[in-house]
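Numbered from 1 within each chain, the chains take letters A, B, ... in sequence-line order. All of these numbers come straight from a predicted model, not from anything done at the bench.
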Number of protein chains: 2
Amino acid sequence: MAATVVATHERADAAERILRAAIALFRERGYHGSSMRTLARALRMEAASLYYHFASKQDILFAILDRTLDGLLDGVGRAVAAVDGPPARLRAAVRFHVLFHAHRQHEAFLSGSELRSLTQANLRLVLARRDEYERVFRGLLSVGARAGVFQVGDVRLTAMAILTMCTGVATWFSDRGRLAPESIADRYVEMILRSVTRHPKGSPS
Amino acid sequence: MAATVVATHERADAAERILRAAIALFRERGYHGSSMRTLARALRMEAASLYYHFASKQDILFAILDRTLDGLLDGVGRAVAAVDGPPARLRAAVRFHVLFHAHRQHEAFLSGSELRSLTQANLRLVLARRDEYERVFRGLLSVGARAGVFQVGDVRLTAMAILTMCTGVATWFSDRGRLAPESIADRYVEMILRSVTRHPKGSPS
DNA sequence: GTCTATACTGAGATAGAC
DNA sequence: GTCTATCTCAGTATAGAC
């Protein structure tokens, strides 16, 4: 069991290699724009060989999104649990979300853009867990608003605004760009906390 | 000439009807996930008939994105020109952007999600005009920062953050949802102005 | 576990009748 | 301006050898 867990960033087994190549390909051309033949070519194998590891192209997409959600739910849980109080927790959650969307950019991008390519059954599974993730952010905003440290007109809308803003990082981030993930996260955290923090002396509007 | 201009929301000629059906279809299944046969079926015609109006499926996608960019560039220009001063102008630009992404939700969504489905030549044309649009927002932030009314750590990053946050409205907005476009725009304008406005008495961070 | 060969379906696009 | 018929190619997936 330990061996299979370690595999993620070390000696990748065949299924791992396939998923990684699929992430890159789907990200570049989209799910429907990518063929099993093209995916196989990137891996220097024949298309038929892919079917030994995955039952279908749809299964590959689902595996990618499912693992990405594992990472998101697990990560935000740890980040939030490590600190106390609504502002620190929101900072931690936003920071994690931005870093995840920079470091695991391609899979994170797919989790937003290829939902429509899932079968109904798979979509239900993915959406249920995505809702769970969003509830974490809504929860943080609600608690902060009730405690009087946040000023949030509409919790759901604010959560969507925060999440889509940070998720967008996956669409434009570049390894070779001007800003490192840490810098982007710092700025995003600052912007977001400014926009939800209650200002004692009269806020601009 | 007047007649063709009027057509957009009235008696749609064949090309118009095709574009509108394509917007709905591409939005739902993606460009590569949509076939000319399916598009034709939605219009109750045969696939071959589409080729009388458009030379290729790619031309349909390009026409959609091109027209959407017309709307964005034209609209933001008018919105910004109507008021004075960086805060009012940023408000107007954000407001327009949000309303556009709610009212013309599907085409706006495609302009973000289907760039990768364009041919290289078409992509160049679209990206050039999208850059032009983004420059409007960067310009507003720069002017406000220099005037001392905005506090913006990084103009480019802030512009990206604002735009991706507002563009995200096209991904989740629903006609039958809880909030009207106007309400969403109001809240977004408020959040964004809070996050960029310089606070004289010491800002939270 | 990967291959060759292939079944079967649907894709984009064109020709030419009406 | 829309149709029927069709070309050509690429798609997902399977069978069965090695």
Pair B:His97 and B:Tyr133, ring centroids less than 6.0 Å apart = yes
Between D:dG11, C:dG12, D:dC3, which one does the side chain of A:Ser35 approach most closely?
-> D:dG11
Value in whole Å for how far the P atom of C:dG16 lies from OH of B:Tyr51 = 18 Å
Could you please name the option among D:dT12, C:dT14, D:dC3 that lies closest to any side-chain atom of B:Ser49?
-> D:dC3
Mind running side chain to side chain donor-acceptor pair (under 3.5 Å) on B:Ser117 and B:Glu114 for me, showing each step along the way?
-> CA-CA 5 Å; B:Ser117 303; B:Glu114 293 297 351; 2.6 Å; yes
Quiz item: B:Arg37 side-chain donor-acceptor pair to C:dG10 base, under 3.5 Å | no
Using atom NE2 of A:His32 as one end and atom C1' of C:dG10 as the other, report the distance to the nearest whole Å.
-> 13 Å
OP1 or OP2 of C:dT2 sitting under 4.0 Å from any side-chain N/O of A:Tyr52?
-> no
What's the CE-C1' distance between B:Met45 and D:dT4, to the nearest Å?
-> 15 Å
Would you kindly compare A:Ser34 and B:Glu46 by the position of their nearest DNA chain D nucleotide and give the one closer to the 5′ end?
-> B:Glu46
B:Leu39 CG - C:dG12 C1' separation (whole Å) | 13 Å
B:Phe26 atom CZ is separated from C:dA11 atom P, nearest whole Å, by 13 Å
Determine: side-chain N/O of A:His53 to OP1/OP2 of C:dT2, distance under 4.0 Å, yes or no.
-> yes
Would you kindly give the CZ-to-C1' distance between B:Arg41 and D:dT2, to the nearest whole Å?
-> 17 Å
How many Å lie between NZ on B:Lys57 and P on C:dA11, as a whole number?
-> 9 Å
In whole angstroms, how far is the P atom of C:dG12 from the CZ atom of B:Phe54?
-> 15 Å
Side-chain donor-acceptor pair under 3.5 Å between A:Thr167 and A:Thr164, yes or no?
-> no
State yes or no: are the ring centers of A:Phe26 and A:His32 separated by less than 6.0 Å?
-> no
Donor-acceptor contact present, side-chain A:Thr68 to main-chain A:Ile64, <3.5 Å = yes
